[in-house]
Amino acid sequence: QLYLVESGGGLVQPGGSLTISCAASGPSFSIYSMGWFRQAPGKEREFVSGISRSDGSTSYVDSVKGRFTISRDNAKNMVYLQMYSLKPEDTARYYCAAGPVTRPMGPFGFWGQGTQVTVSS
């Protein structure tokens, strides 16, 4: 069993930056590929980014390419999402996810409770 807890969300102005974090507790964190998803009110949850358990390869949804960066620290059981040039349409609840697979896109079977990111002036 893997437990995931997100943190670092908040209110940021358009064009600003924010880093959200995901702390994992449980055995063998390094065997999991990790992902970030988001869900805005009235919309379906969407994949944002993922990072492989093996070679650190990454994947991003087109709307965040060049603005978001995912990374992981296996020694600390942490995953991060650095977000730059934030837009109002990035406003959503962001969820951390984990899956015992190699692909950075999942599938993912473990989920956190999410952290809210609001981009507004």
Should S54 and S52 be marked as a side-chain hydrogen bond (donor to acceptor under 3.5 Å, both in side chains) after you check the CA-CA gap, both sets of side-chain angles, and the distance that decides it?
CA-CA 5 Å; S54 56; S52 171; 3.0 Å; yes
query: For Y80 and Q82, what are the C-alpha separation, side-chain angles and deciding distance, and is it a side-chain hydrogen bond (donor to acceptor under 3.5 Å, both in side chains)?
result: CA-CA 6 Å; Y80 307 97; Q82 297 173 288; over 6 Å; no
Handout entry: Verdict with supporting geometry, R38 and Y94, side-chain hydrogen bond (donor to acceptor under 3.5 Å, both in side chains)
Key = CA-CA 4 Å; R38 65 186 179 187; Y94 284 71; 3.0 Å; yes
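A distance-only check finds no donor-acceptor pair linking the side chain of S121 to the backbone of Q13 [under 3.5 Å]. Between the side chain of T58 and the backbone N or O of I51 there is no donor-acceptor pair closer than 3.5 Å. In this structure, the side chain of T115 engages the main chain of G9 through a donor-acceptor pair within 3.5 Å.
Around the CD atom of E89, the shell of radius 6.0 Å holds more than 12 heavy atoms that belong to other residues, nucleotides or ligands.
Within the 4.5 Å cutoff, the side chain of M34 has no heavy atoms near those of the R53 side chain. Considering only heavy atoms from C-beta on, L86 stays 4.5 Å or farther from P14 through its side chain. Residues D90 and V117 have side chains not in contact (no heavy-atom distance under 4.5 Å, counting atoms from C-beta outward).
Note on L4 and I31: same hydrophobic cluster, where clusters join Ile, Leu, Val, Met, Phe, Trp and Tyr whose side-chain heavy atoms are under 4.5 Å apart, directly or indirectly. When hydrophobic clusters are built by joining Ile, Leu, Val, Met, Phe, Trp and Tyr residues whose side-chain heavy atoms come closer than 4.5 Å, directly or via intermediates, V64 is grouped together with V79. Both L2 and I70 belong to a common hydrophobic cluster when Ile, Leu, Val, Met, Phe, Trp and Tyr are linked at side-chain heavy-atom distances under 4.5 angstrom. F47 and Y95 fall within the same hydrophobic cluster, defined by Ile, Leu, Val, Met, Phe, Trp and Tyr side-chain heavy atoms under 4.5 Å apart, directly or through other members.
Of all heavy-atom pairs between M78 and S21, the closest is CE-CB, 3.7 Å. Closest approach of F108 and G35 over heavy atoms only: CE2-N, 3.6 Å. Closest non-hydrogen pair, S30 versus N74, comes out as CB-ND2, 3.9 Å. S57 and P104 make their closest contact through O-CB, 3.6 Å (heavy atoms, listed as atom of the first residue, atom of the second, distance).
Close placement of the Y32 and F110 rings is indicated, their centers lying within 6.0 Å of each other. Ring centroids of W111 and F37 are separated by less than 6.0 Å, placing the two rings close together.
Here the CZ atom belonging to R93 is positioned 10.0 Å from the OG1 atom belonging to T118, to the nearest 0.5 angstrom. Taking CZ of F68 as the reference point, atom OH of Y60 lies at 10.0 Å (rounded to 0.5 Å). Within the model, atoms CE of M83 and CD1 of I20 stand 4.0 Å from one another, a figure rounded to the nearest 0.5 Å. Between Y3 atom OH and S25 atom OG the span is 7.5 Å, to the nearest 0.5 Å.
In this structure, K65 pairs ionically with D62, as a charged nitrogen and a carboxylate oxygen lie closer than 4.0 Å.
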